[in-house]
Amino acid sequence: MIGSRAGTRLVGALLLAMFLAACDGGGFRTAADRSQNLDGYTPEQIFERGEYELSVKRTDDAAYYFSEVERLYPYSNWAKRALIMQAFAYHSGKDYPESRAAAQRYIDFYPADEDAAYAQYLLALSYYDQIDEVGRDQGLTFQALQALRTVIEVYPDSEYATSAILKFDLAFDHLAAKEMEIGRYYLRRQHYSAAINRFRVVVEDFQTTTHTAEALHRLVEAYLSLGLVEEAQTAGAILGHNYQSSEWYEASYKLLTARGLKMRDVGNNWLSQIYRQSIKGQWL
């Protein structure tokens, strides 16, 4: 019996070696070249071929072999493993739509599996890794935030939750940066009302990001330019209460004192409401 099992393993190893040699010799670099009949190989052998392709950075070929495991042996445990590896291979090759599709299939088919958290994380990364500059459309950022939130909320005890929280915060900061970029654009062109609307979004909706102090300073600038002294003073008061050590506080202090104004809560505008909340510790 032992000898029989050893012989089976040897035959399997020889078949795999022949398989690898045949594939390397034939190229198999494009879909059109992948004409070899894989029916004679076990799911493990095809899976190992996919792993080999990954090891030599041929991610598209790796994804192909993993997909063949799924196609030829759809109800096997190897198919499940191959599906998550498809998502990984596509992501490694920066084919984000295909990576996302494979990851979503895994979540749909195996929602309770231990790798479901990783599939959801890969799905989130397929959006997140495309957020490369502030000037791009922010739709991907919103989608990344939604997918990362799912990792955090659905799989809070997984090893990916901490990384998802960090990336969520960075993506959230990225959205605030976009609002600031547009607001500064309007401010430079003296479109003060449009600029105020952008900076207000940062102060109200992105107050936990690194951009809040600058947004308050820009509000001081914009409101002073419009002659809205009470709003400018109140924005300065919030800076003084929450960001007194920042460069933006110093800049606003100089602007206001140069006009004989103080950083204090005046009137009953939207900034006054935020100031009163922050004094009570209910904001920031």
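None of these values were measured; they are calculated from a predicted model.
Between Lys254 and Glu250 there is no salt bridge, since no side-chain N of the basic residue sits under 4.0 Å from a carboxylate O of the acidic one. Under a 4.0 Å N-O distance rule, the pair Arg105/Glu70 qualifies as a salt bridge. A salt bridge links Arg184 with Glu214: the closest approach of a Lys/Arg side-chain nitrogen to an acidic carboxylate oxygen falls below 4.0 angstrom.
Proximity of the aromatic rings of Tyr96 and His91 is defined here by a centroid distance below 6.0 angstrom, and this criterion is met. A distance of 6.0 Å or more separates the ring centres of Trp78 and Tyr73. Aromatic ring centres of Phe66 and Phe47 lie closer together than 6.0 Å.
Smallest separation of non-hydrogen atoms from Leu83 and Phe109: CD2-CD1, 4.0 Å. In plain terms, the two heavy atoms of Ala87 and Ser99 that are nearest each other are O-OG, 2.9 Å. The nearest pair of heavy atoms linking Ala116 to Ile107 is O-CG1, 4.2 Å. Across all their heavy atoms, Ala62 and Gly50 have their closest contact at CB-O, 3.4 Å. Shown here for Thr59 and Gly93, the closest heavy-atom pair between the two residues is OG1-CA, 3.3 Å.
Using cut-offs of 30° and 60° on the angle between ring planes, the pair Phe88 and Tyr118 is tilted.
Transitive grouping of hydrophobic side chains (ILVMFWY, heavy atoms separated by less than 4.5 Å) brings Leu271 and Tyr275 into a common cluster. When the side chains of ILVMFWY residues are joined at heavy-atom separations under 4.5 Å, either directly or via intervening members, Leu216 and Leu255 end up in a single hydrophobic cluster. Hydrophobic clustering, with ILVMFWY side chains joined whenever heavy atoms are under 4.5 angstrom apart, keeps Val202 apart from Tyr185. Two different hydrophobic clusters hold Val266 and Leu256 under the rule that ILVMFWY side chains link at heavy-atom gaps under 4.5 Å. Tyr155 and Leu148 end up in different hydrophobic clusters when Ile, Leu, Val, Met, Phe, Trp and Tyr side chains are linked at under 4.5 Å.
Side-chain contact between Asn268 and Arg276: present, with at least one pair of heavy atoms (C-beta onward) separated by less than 4.5 Å. With a 4.5 Å cut-off on side-chain heavy atoms, Asp95 and Pro97 count as touching. At a threshold of 4.5 Å between non-hydrogen side-chain atoms, the residues Gln104 and Leu123 count as touching. In this structure the side chain of Phe172 reaches within 4.5 angstrom of the side chain of Thr209, judged on heavy atoms. In this structure the side chain of Leu54 reaches within 4.5 angstrom of the side chain of Met85, judged on heavy atoms. The shortest side-chain heavy-atom distance between Asp169 and Ile165 falls under the 4.5 Å cut-off.
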Exercise. Do Tyr121 and Ser163 pass the side-chain hydrogen bond (donor to acceptor under 3.5 Å, both in side chains) test, and can you show the C-alpha distance, the side-chain angles, and the key distance before you say yes or no?
Worked result: CA-CA 9 Å; Tyr121 184 67; Ser163 178; 2.5 Å; yes

For this session: Start with the C-alpha gap between Leu226 and Ile196, add the side-chain angles, then the distance that decides, and say whether side chain to side chain contact (heavy atoms under 4.5 Å, CB included) holds.
Result: CA-CA 11 Å; Leu226 290 174; Ile196 287 168; 3.6 Å; yes

Exercise. Are Asn242 and Tyr249 close enough, and set up right, to give a side-chain hydrogen bond (donor to acceptor under 3.5 Å, both in side chains), and what steps lead you there?
Worked result: CA-CA 9 Å; Asn242 294 290; Tyr249 166 79; over 6 Å; no

For this session: Start with the C-alpha distance between Leu175 and Leu145, add both sets of side-chain angles, then the distance that settles side chain to side chain contact (heavy atoms under 4.5 Å, CB included), and finish with yes or no.
Result: CA-CA 10 Å; Leu175 284 180; Leu145 284 169; 3.3 Å; yes

Exercise. Given Val203 and His211, is the side chain to side chain contact (heavy atoms under 4.5 Å, CB included) satisfied, shown in steps?
Worked result: CA-CA 8 Å; Val203 171; His211 302 281; over 6 Å; no

Problem set entry | CA sep, side-chain torsions, deciding dist, call: Arg100, Tyr127, side chain to side chain contact (heavy atoms under 4.5 Å, CB included) | CA-CA 9 Å; Arg100 187 159 53 248; Tyr127 294 117; 3.2 Å; yes

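Within the model, atoms OH of Tyr253 and NZ of Lys262 stand 9.5 Å from one another, a figure rounded to the nearest 0.5 Å.
The main-chain N or O of His241 is never found under 3.5 Å from a side-chain atom of Gln244 such that the two would form a donor-acceptor pair. Remark: the backbone N or O of Phe206 is paired with a side-chain donor or acceptor of Thr212 at under 3.5 angstrom.
The side chain to side chain donor-acceptor pair (under 3.5 Å) with Ser252 is formed by just one residue from the set Arg218, Gln233, His217, Glu247; it is His217.
Between Asp113 and Tyr106, the side chains place a donor N or O and an acceptor N or O closer than 3.5 Å (distance only, hydrogens not considered).
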